[in-house]
Every structure is written in C-alpha cells, then in structure tokens.
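This report concerns only the one structure given below.
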Amino acid sequence: MPLLDLDKITTGVSKTWEGFLRDWDRSLRAGNYPETTRYNYLLAAAQLARYLNENATPDLETEDAAEDPTEVTRAHVEAFQGWMIETRSASTALNKHKGLQQFFKWLMLV
C-alpha cells in the first residue's frame, strides 16, 4: 500500500486548499520527488490548513486563509509553527516549516 493517500491527507481542508494540494502533488511528481518527501510536504500544508480552520482567533483572522492558501500570512504560519512546537517537538516543527517553505515557493509561481 502506498504511503501517500491524497484523499486522506486532504480530509478536513477546503476544496480550494485540496485543489492546490493536488496540483502541487502533480508538480512534485513531475519533479521526481520521492513519495516520502511528497507525503511530508503535503501533510505539512494540509495540517496548516486544518490548523487555520480549527484555531480561529480574533487576533489571527484565519477565516479567509482556512479557505484559500493564497490568503495565508506570515502570522498564520508563525502561529502554526508555535503550535507545532507546543504540541509536537521542535524538530517536527522544523520539518513542517521546510515543507511549507516549498509549498509557498511553489504557490508564488502558480
């Protein structure tokens, strides 16, 4: 059974996020990225989307970003990274950060 199940990874994200993640996966496959790398990158972006959807606070204004990754701000990513460090570990947060760097780098080219 393959490691990467895109339907499972995108569970709980908006249709817009899902579409971007599917497009990004196609781009990663075209770039011959290993399945484990693709999985880790896509999981990081999907976790950010779910975090934004589930952790709306008045000061963070996550509603638009939870629906569309083009609305994500630095503050959103930093809040997610802080939450990752609190709930996982610093090394896990660093891995998520690396995946998100790649996602937003790709997103700027779309």
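Atoms considered below: every heavy atom in the structure, side chains included; atoms not considered: hydrogens, waters and symmetry mates.
With a 4.5 Å cut-off on side-chain heavy atoms, Arg22 and Asp7 count as touching. Residues Lys96 and Leu48 fail the side-chain proximity criterion, which asks for heavy atoms closer than 4.5 Å. The shortest distance between side-chain heavy atoms of Pro69 and Thr16 falls below 4.5 Å.
The CD atom of Gln81 lies 11.5 Å from the CZ atom of Arg74; values are rounded to the nearest 0.5 Å. Residue Glu18 holds its CD atom at 10.5 Å from CG of Asp23, rounded to the nearest 0.5 Å. Summarising the geometry, atom CZ belonging to Arg38 is positioned 7.0 Å from atom CG belonging to Leu28; distances are rounded to the nearest 0.5 Å. Between the CG atom of Leu60 and the CG atom of Leu52 there is a distance of 7.0 Å, given to the nearest 0.5 Å. Atoms CZ and CD, from Arg50 and Gln47 in turn, are 6.0 Å apart once rounded to the nearest 0.5 Å. Within the model, atoms CD of Glu35 and CG of Asn40 stand 10.5 Å from one another, a figure rounded to the nearest 0.5 Å.
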Check residues 102-110 and write down every donor-acceptor pair under 3.5 Å in which the side-chain atom is one partner and the other belongs to a residue at least two apart or another chain.
from	atom 1	to	atom 2	distance (Å)
Trp106	NE1	Ser27	OG	3.4

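A distance-only check finds no donor-acceptor pair linking the side chain of His76 to the backbone of Ala49 [under 3.5 Å]. Under the 3.5 Å distance criterion, the side-chain polar atoms of Thr62 are left unmatched by any main-chain donor or acceptor of Ala65. No donor-acceptor distance shorter than 3.5 angstrom exists from the side chain of Asp25 to the backbone of Leu21, with no hydrogens or angles considered. No side-chain donor-acceptor contact under 3.5 Å links Glu67 to the backbone of Ser14.
When all heavy atoms of Ala45 and Trp17 are compared, the pair lying nearest together is O-CZ3, 3.5 Å. In this structure, Leu6 and Thr10 approach most closely via the heavy-atom pair O-OG1, 2.8 Å. Summarising the geometry of Ala46 relative to Ile9, their closest heavy-atom pair is CB-O, 3.3 Å, with the distance given to 0.1 Å.
Heavy atoms of other residues, nucleotides or ligands lying less than 6.0 angstrom from CD of Glu61 number 12 at most. Annotation for Gln101: atom CD counts as buried by contact number, over 12 foreign heavy atoms lying within 6.0 Å.
Take Tyr51 and apply the ring-ring contact (aromatic ring centres under 6.0 Å, His included) test, not counting sequence neighbours, and it matches Phe80, Trp83.
Residues Leu43 and Val77 share a single hydrophobic cluster, defined by chaining ILVMFWY side chains whose heavy atoms lie under 4.5 Å apart.
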